[in-house]
Amino acid sequence: MKKKTPLIGYTLIFLGTAFLVADADALFNMYYLHYASIIVGIVILLIYYLTTRSEKNLLCRIGFHKFEHVGWDDEVTFRLIYRCQRCGYEKKVIRSSGGGV
């Protein structure tokens with residue numbers, strides 16, 4: 001069940017926004033069901049990420065890292081290295097050439 005929790009949360013958020021965009025209130029009497037599903041989906045994701053991730057900072061547990069550019073990768077010339085200022089999480093990002101001429 002723990003592996004399916006993000007899927008349930010994202011599904012509720014998607015269904016809520018789909019009902020909102022499709023204006024399902026005009027067809028069915030939903031009593032703000034789309035807003036409730038979005039809120040419940042967000043709460044499920046927040047609880048899941050706060051309990052399963054191990055970062056010390058709460059914002060980093062949710063996924064709001066504060067990245068800074070620390071350098072370029074040695075293996076690939078156009079890959080940048082970013083590190084989170086709070087928790088030290090490091091990610092490598094490949095940048096395109098900008099559609100160069």
Starting from [X] and following side-chain heavy-atom contacts under 4.5 Å between hydrophobic residues (I, L, V, M, F, W, Y), which residues can be reached?
X: Ile81; value: Val70
X: Phe67; value: Trp72, Leu80, Tyr82, Tyr89, Val93
X: Ile94; value: Val76, Phe78

Among all residues two or more places apart in sequence or in another chain, which pass the side-chain hydrogen bond (donor to acceptor under 3.5 Å, both in side chains) test with [X]?
X: Tyr31; result: Asn29
X: Asn57; result: none
X: Arg53; result: none

- Task: Check Gly16 against Ser37 and note the closest heavy-atom contact, atom names and distance.
- Result: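 Answer, listing the atom of Gly16 first, then Ser37: CA-OG, 3.1 Å.
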Residues in side-chain contact (heavy atoms from CB on, under 4.5 Å) contact with [X], at least two apart in sequence or another chain:
X: Tyr35; answer: Leu20, Tyr32
X: Ala24; answer: Phe19, Met30
X: Asp23; answer: Asp25, Ala26

- Query: Say you draw a straight line from NZ of Lys92 to CZ of Arg79; how long is it, rounded to the nearest 0.5 Å?
  - Reply: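 One finds 5.0 Å between NZ of Lys92 and CZ of Arg79.
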- Item | Separation of Leu15 CG from His34 NE2 (nearest 0.5 Å) |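 Reported to 0.5 Å precision, the distance equals 12.5 Å.
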- Task: Using salt bridge (Lys or Arg N to Asp or Glu O under 4.0 Å) as the criterion, list what pairs up with Glu68, not counting sequence neighbours.
- Result: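 Partners of Glu68 by the salt bridge (Lys or Arg N to Asp or Glu O under 4.0 Å) criterion come out as none, since no residue qualifies.
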- Message: If the condition is salt bridge (Lys or Arg N to Asp or Glu O under 4.0 Å), which residues does Arg86 pass it with, not counting sequence neighbours?
- Response: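 For Arg86, no residue satisfies salt bridge (Lys or Arg N to Asp or Glu O under 4.0 Å) once neighbours in sequence are set aside.
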- Query: Checking side chain to side chain donor-acceptor pair (under 3.5 Å) against Arg83, which of His69, Glu90, His65 comes through?
  - Reply: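 Of His69, Glu90, His65, side chain to side chain donor-acceptor pair (under 3.5 Å) with Arg83 is met by Glu90 alone.
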Using a 3.5 Å cut-off and no angle test, enumerate the donor-acceptor pairs between side-chain atoms of residues 39-51 and protein atoms at least two apart in sequence or in another chain.
{"residue": "Tyr49", "atom": "OH", "partner": "Tyr10", "partner atom": "OH", "Å": "3.3"}
{"residue": "Thr51", "atom": "OG1", "partner": "Ile47", "partner atom": "O", "Å": "2.9"}
{"residue": "Thr51", "atom": "OG1", "partner": "Tyr48", "partner atom": "O", "Å": "3.1"}

